[in-house]
Amino acid sequence: MEAPSSPVFLCFFVLLASFLSARAEDPYRFYTWNITFGDIYPLGVKQEGILINGQFPGPQIDAVTNDNIIINVFNNLPAPFLLSWQGIQQRRSSWQDGVYGTNCPIPPGGNFTYNMQFKDQIGSYYYFPSLAFHKAAGGYGGIRVLSRPRIPVPFDPPAGDFTILAGDWFKLNHTDLKGILDSGNDLPFPDGLLINGQGWNGNKFTVDQGKTYRFRVSNVGISTSVNIRIQGHSLLLVEVEGSHTMQNTYSSLDVHLGQSYSFLVTADQPPQDYTVVVSTRFTNPVLTNTAVLHYSNSNGVRAALPPPPGPTIEIDWSLNQARSIR
């Protein structure tokens, strides 16, 4: 019997070959991470933190849609360890999600290689430890997934791209915090807020006057929502957890636990230093941390404007903002 030679049959094989070829061309990015304990001082007090390759927060993953991500994780902690990838869809790879029950914990002294593809995803995400309340000791970091060059993006390429990992922090060791929860009690009130693992004015974001920059903000905290705002500047929301949004302008944005937003900021003010403010929501008292938005042609003079106030306990304010996001 002769092999089928109809145009439909031939088209099928051409499409199949094209698909396999495209899949084979998806780039691979390889990482080796060593997980250790180390001394950190995020609130000025010595604490035992979880470091990745000696860093707190951990290394950022920079990728492009459809990239294959290979991360060999060596657990040098005295306890089992897992990493989870907040917002990564794990299509056909749910066993890579780093959650107990779908992943076996990495034993002390052992290693595990995460093998996942950021299939058809763009946007801002983060990773974090998912066992034994390790998240309260660090071990988290940002994930940035860019669109492929030929895929249109609904805004001009920004002059720069900054990541802000914000969240509440406790001076108590993560084992003590876990013990409090295991005994059926509530966590104590947080001792402070961190921005990229730093306290008050520990971060500086340098911009050129007249240019527009993208800020990716993730709430990596344990128990508290936060609000972010920038003195004298508006925030143009462009993406929420992998979806481009209608481009609404806000004076500040609430970012709840586990959420990731990105917004554009245009450096359209006089060349000075401006305050980036992150504060807690729905708490009494309100905790605050700050960073610096530094104009490259500034001599370091701080803006005379008052620091921007933010919402505190107003639930309706947050709900109305959430409803405005499309």
Enter the distance from [X]:[atom1] to [Y]:[atom2] here, rounded to the nearest 0.5 Å.
| X | Y | atom1 | atom2 | value |
| --- | --- | --- | --- | --- |
| I52 | I50 | CD1 | CD1 | 8.5 Å |
| F74 | I35 | CZ | CD1 | 10.5 Å |
| N53 | T36 | CG | OG1 | 8.5 Å |
| N227 | R281 | CG | CZ | 6.0 Å |
| Q47 | N173 | CD | CG | 8.0 Å |
| R214 | D156 | CZ | CG | 13.0 Å |

Any side-chain heavy-atom pair from [X] and [Y] closer than 4.5 angstrom?
| X | Y | answer |
| --- | --- | --- |
| V265 | L235 | yes |
| F162 | Y213 | yes |
| F155 | H244 | yes |
| Y100 | S130 | no |
| P190 | T224 | yes |
| I69 | F30 | no |
| V153 | L146 | no |
| I315 | F282 | yes |

Under the side chain to side chain contact (heavy atoms under 4.5 Å, CB included) criterion, do N72 and N111 qualify, and how do the steps go? CA-CA 7 Å; N72 196 1; N111 74 293; 2.8 Å; yes
Determine, using ring centers only, whether [Y] and [X] are less than 6.0 Å apart.
| X | Y | answer |
| --- | --- | --- |
| W33 | Y127 | yes |
| Y295 | Y274 | yes |
| Y261 | F263 | no |

[X] side chain to [Y] main-chain N or O, any donor-acceptor pair under 3.5 Å?
| X | Y | result |
| --- | --- | --- |
| D273 | V301 | no |
| E239 | E241 | yes |
| E314 | T312 | yes |
| D176 | L172 | no |
| D168 | I222 | yes |
| D268 | Q209 | no |
| N103 | W95 | yes |
| N66 | D120 | yes |
| Q321 | S252 | yes |
| N68 | Y28 | no |

Can [X] and [Y] be counted as having a side-chain donor-acceptor contact under 3.5 angstrom?
| X | Y | result |
| --- | --- | --- |
| T290 | T275 | no |
| Q117 | D26 | yes |
| D254 | S318 | yes |
| T102 | D97 | no |
| Q121 | T65 | no |
| S260 | S218 | yes |

How close do [X] and [Y] get, heavy atom to heavy atom, and via which atoms?
| X | Y | answer |
| --- | --- | --- |
| L237 | S262 | CD1-O, 3.5 Å |
| T249 | S234 | CG2-CB, 3.5 Å |
| I106 | N75 | O-ND2, 2.9 Å |
| L82 | V99 | CD1-C, 4.1 Å |
| A137 | H174 | CB-ND1, 3.7 Å |
| S279 | V286 | CB-CG1, 3.9 Å |

For Q198 and N203, what are the C-alpha separation, side-chain angles and deciding distance, and is it a side chain to side chain donor-acceptor pair (under 3.5 Å)? CA-CA 7 Å; Q198 301 290 323; N203 290 266; 5.8 Å; no
Under 4.5 Å side-chain linkage, directly or through intermediates, the cluster mates of W317: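 Once heavy-atom contacts under 4.5 Å are chained together, W317 still belongs with nothing else.
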Linking Ile, Leu, Val, Met, Phe, Trp and Tyr by side-chain heavy atoms under 4.5 Å, what else ends up with I40?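 I40 shares its hydrophobic cluster with L43, L51, F56, Y126, F128, Y140, L165, W169, L194, V220.
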Show, in sequence, the C-alpha distance, side-chain angles and deciding distance for S296 and D208, and conclude whether the side chain to side chain donor-acceptor pair (under 3.5 Å) test is met. CA-CA 5 Å; S296 60; D208 294 334; 2.6 Å; yes
Side-chain ion pair, R29 and D67, N-O less than 4.0 Å: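 Answer for the salt bridge query: yes.
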Would D161 and R144 count as a side chain to side chain contact (heavy atoms under 4.5 Å, CB included) if you check the C-alpha gap in whole Å, the side-chain angles of each, and the deciding distance to 0.1 Å? CA-CA 9 Å; D161 197 322; R144 177 170 55 188; 3.2 Å; yes
Show the numbers, then the answer: is there a side chain to side chain donor-acceptor pair (under 3.5 Å) between T212 and T266? CA-CA 4 Å; T212 298; T266 299; 2.8 Å; yes
Name the one of Q89, Q90, Q96, R91 that satisfies side-chain hydrogen bond (donor to acceptor under 3.5 Å, both in side chains) with S93?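 Of all the options given, the one that passes is Q90.
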Determine the interplanar angle of the H134 and F37 rings, folded into 0 to 90°, and report it as parallel if under 30°, tilted if 30 to 60°, perpendicular if over 60°.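 Geometry flag for F37 against H134: perpendicular rings.
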Would Y114 and F112 count as a ring-ring contact (aromatic ring centres under 6.0 Å, His included) here? Give the steps. CA-CA 6 Å; Y114 290 93; F112 177 78; 4.9 Å; yes
Answer yes or no: are there more than 12 heavy-atom neighbours, outside I325 itself, under 6.0 Å from its atom CD1?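 Enclosed.
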What residue pairs, at least two apart or across chains, pass side-chain hydrogen bond (donor to acceptor under 3.5 Å, both in side chains) with a residue in residues 185-195?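 Only S183-N185 qualify under side-chain hydrogen bond (donor to acceptor under 3.5 Å, both in side chains).
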Step by step, work out the side chain to side chain contact (heavy atoms under 4.5 Å, CB included) result for L193 and V226. CA-CA 9 Å; L193 286 179; V226 300; 4.1 Å; yes
When you look at V73 and T113, which way does the side chain to side chain contact (heavy atoms under 4.5 Å, CB included) test go after all the steps? CA-CA 6 Å; V73 177; T113 300; over 6 Å; no
With clusters defined by side-chain heavy atoms of hydrophobic residues (ILVMFWY) lying less than 4.5 Å apart, directly or transitively, does Y125 cluster with V255?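 Cluster IDs for V255 and Y125 differ.
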Is there a path from L293 to Y250 through hydrophobic residues (I, L, V, M, F, W, Y) whose side chains come within less than 4.5 Å of each other?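 As far as the 4.5 Å side-chain criterion goes, Y250 and L293 are connected within one cluster.
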